[in-house]
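First up is the structure itself, then whatever we jot down about it.
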Number of protein chains: 2
Amino acid sequence: MQNFHRDGICPIRDVLSRLGDKWSLLVLVSLQTNGVMRFGDLQRSIGDVSQRMLTVTLRTLEADGIVERKAYAEVPPRVEYRLTDRGRSLMPCLNGLVEWAQRHADGILENRK
Amino acid sequence: MQNFHRDGICPIRDVLSRLGDKWSLLVLVSLQTNGVMRFGDLQRSIGDVSQRMLTVTLRTLEADGIVERKAYAEVPPRVEYRLTDRGRSLMPCLNGLVEWAQRHADGILENRK
DNA sequence: CGGAATCCATATGGATACTG
DNA sequence: CAGTATCCATATGGATTCCG
């Protein structure tokens with residue numbers, strides 16, 4: 001088998017664990033659907049994410065080059081977020097997983113009982 | 001956009017957050033590659049997972065019907081793990097993500113600095 | 001061999017208050 | 001508007017010990 005371990009870090013696990021956190025997927029799907037969004041747009045779109053967690057999530061996605069942040073020097077401030085090329089290249093994989101989850105959600109929840 | 005929130009639970013987030021934990025992906029890839037495996041096989045294959053975490057991970061995957069556990073009443077005990085049909089149906093999606101992560105790992109790590 | 005049980009450290013996430 | 005800064009609760013994961 002492929003050796004994902006033992007050589008220090010595991011990029012796969014690293015990437016997956018970031019996307020599997022509580023908010024990243026929601027942010028990415030929302031950006032994919034709506035294109036360019038402001039901070040407040042994202043917060044309303046997701047609905048129940050706190051300001052802090054949305055900021056933390058966006059900073060992480062930005063650090064990984066998956067989301068781009070563009071701030072305008074205006075008052076009141078305006079900040080726009082959008083997917084980068086790398087982010088867009090990720091979405092087909094994510095969409096596949098989302099579809100799988102939707103197809104199997106009922107069965108899985110049933111299974112747990 | 002699709003409404004992943006507000007209606008109580010979000011099956012997508014639920015499923016994704018489980019797979020994004022520290023060990024599930026490694027277990028699934030290992031089972032996909034090696035077929036039927038015993039507990040000790042899995043532990044050696046992954047390399048640095050503790051007994052406890054491997055147990056916890058396998059129990060969760062089993063509860064979701066992604067992995068099947070078969071115990072034989074022998075001494076010393078023998079327990080086999082394998083992917084279920086549902087688990088196998090998940091692997092193409094996961095493999096897509098793994099490939100994406102491998103292709104972009106260098107760029108992402110570079111980006112973070 | 002394949003766990004279960006316990007204890008503990010750290011990581012993750014939420015609530016609240018404040019700010020350029 | 002789009003954050004930062006604190007503080008705190010819980011979740012996750014590791015080390016160790018014990019067991020059929």
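Each chain gets a letter, A, B and so on, in the order the sequences are listed, and its residues count up from 1.
Every residue meeting the salt bridge (charged side-chain N to carboxylate O under 4.0 Å, His left out) condition with R82(B), not counting sequence neighbours, appears here in chain and number order: E80(B). Partners of W23(A) under the ring-ring contact (aromatic ring centres under 6.0 Å, His included) rule, at least two apart in sequence or in another chain, do not exist in this structure. Evaluation of the side chain to side chain contact (heavy atoms under 4.5 Å, CB included) rule for E110(B) yields K113(B) as partners, not counting sequence neighbours. Evaluation of the side chain to side chain donor-acceptor pair (under 3.5 Å) rule for T57(B) yields no partner, not counting sequence neighbours. Take D106(A) and apply the salt bridge (charged side-chain N to carboxylate O under 4.0 Å, His left out) test, not counting sequence neighbours, and it matches no residue. Residues forming a side chain to side chain contact (heavy atoms under 4.5 Å, CB included) with L83(A) (at least two apart in sequence, or on another chain): L28(A), L31(A), Q32(A), V67(A), R88(A), M91(A). For R103(B), the side chain to side chain contact (heavy atoms under 4.5 Å, CB included) criterion is met by E99(B), W100(B), not counting sequence neighbours. Judged as a side chain to side chain contact (heavy atoms under 4.5 Å, CB included), and not counting sequence neighbours, the contacts of A105(A) are P11(B).
First and last contacts of DNA chain C with chain B, using any nucleotide atom under 4.0 Å from a protein heavy atom and ordered 5' to 3', fall at dC1(C) to dT6(C).
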Between D14(B) and K22(A), does the salt bridge (charged side-chain N to carboxylate O under 4.0 Å, His left out) criterion hold? Intermediate values first, please.
CA-CA 9 Å; D14(B) 179 295; K22(A) 199 164 173 185; over 6 Å; no
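Helix bend of the helix from dC1(C)-dG20(D) to dG20(C)-dC1(D): the angle between its two end axes, each built from five pairs, comes to 50° after rounding to 10°.
Contacts of residues 55-64 of chain B with DNA chain C (heavy atom under 4.0 Å): T55(B), R59(B).
At a threshold of 4.0 angstrom between heavy atoms, the contacts of Y81(A) are confined to the sugar-phosphate backbone, with no base atom among them.
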Assign a letter to each nucleotide of nucleotides 14-20 of chain D from its 5' end: B, base within under 4.0 Å of a protein heavy atom; S, sugar-phosphate only; -, no contact.
BB----B
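For the residue pair R78(B) / Y72(B), no side-chain donor-acceptor distance below 3.5 Å is found, with atom types taken as modelled.
Considering CG of D48(A) and CD of Q43(A), their distance stands at 10.0 Å, rounded to 0.5 Å.
Salt-bridge check for D21(A) with R18(A): failed, with every basic side-chain N at 4.0 Å or more from each acidic carboxylate O.
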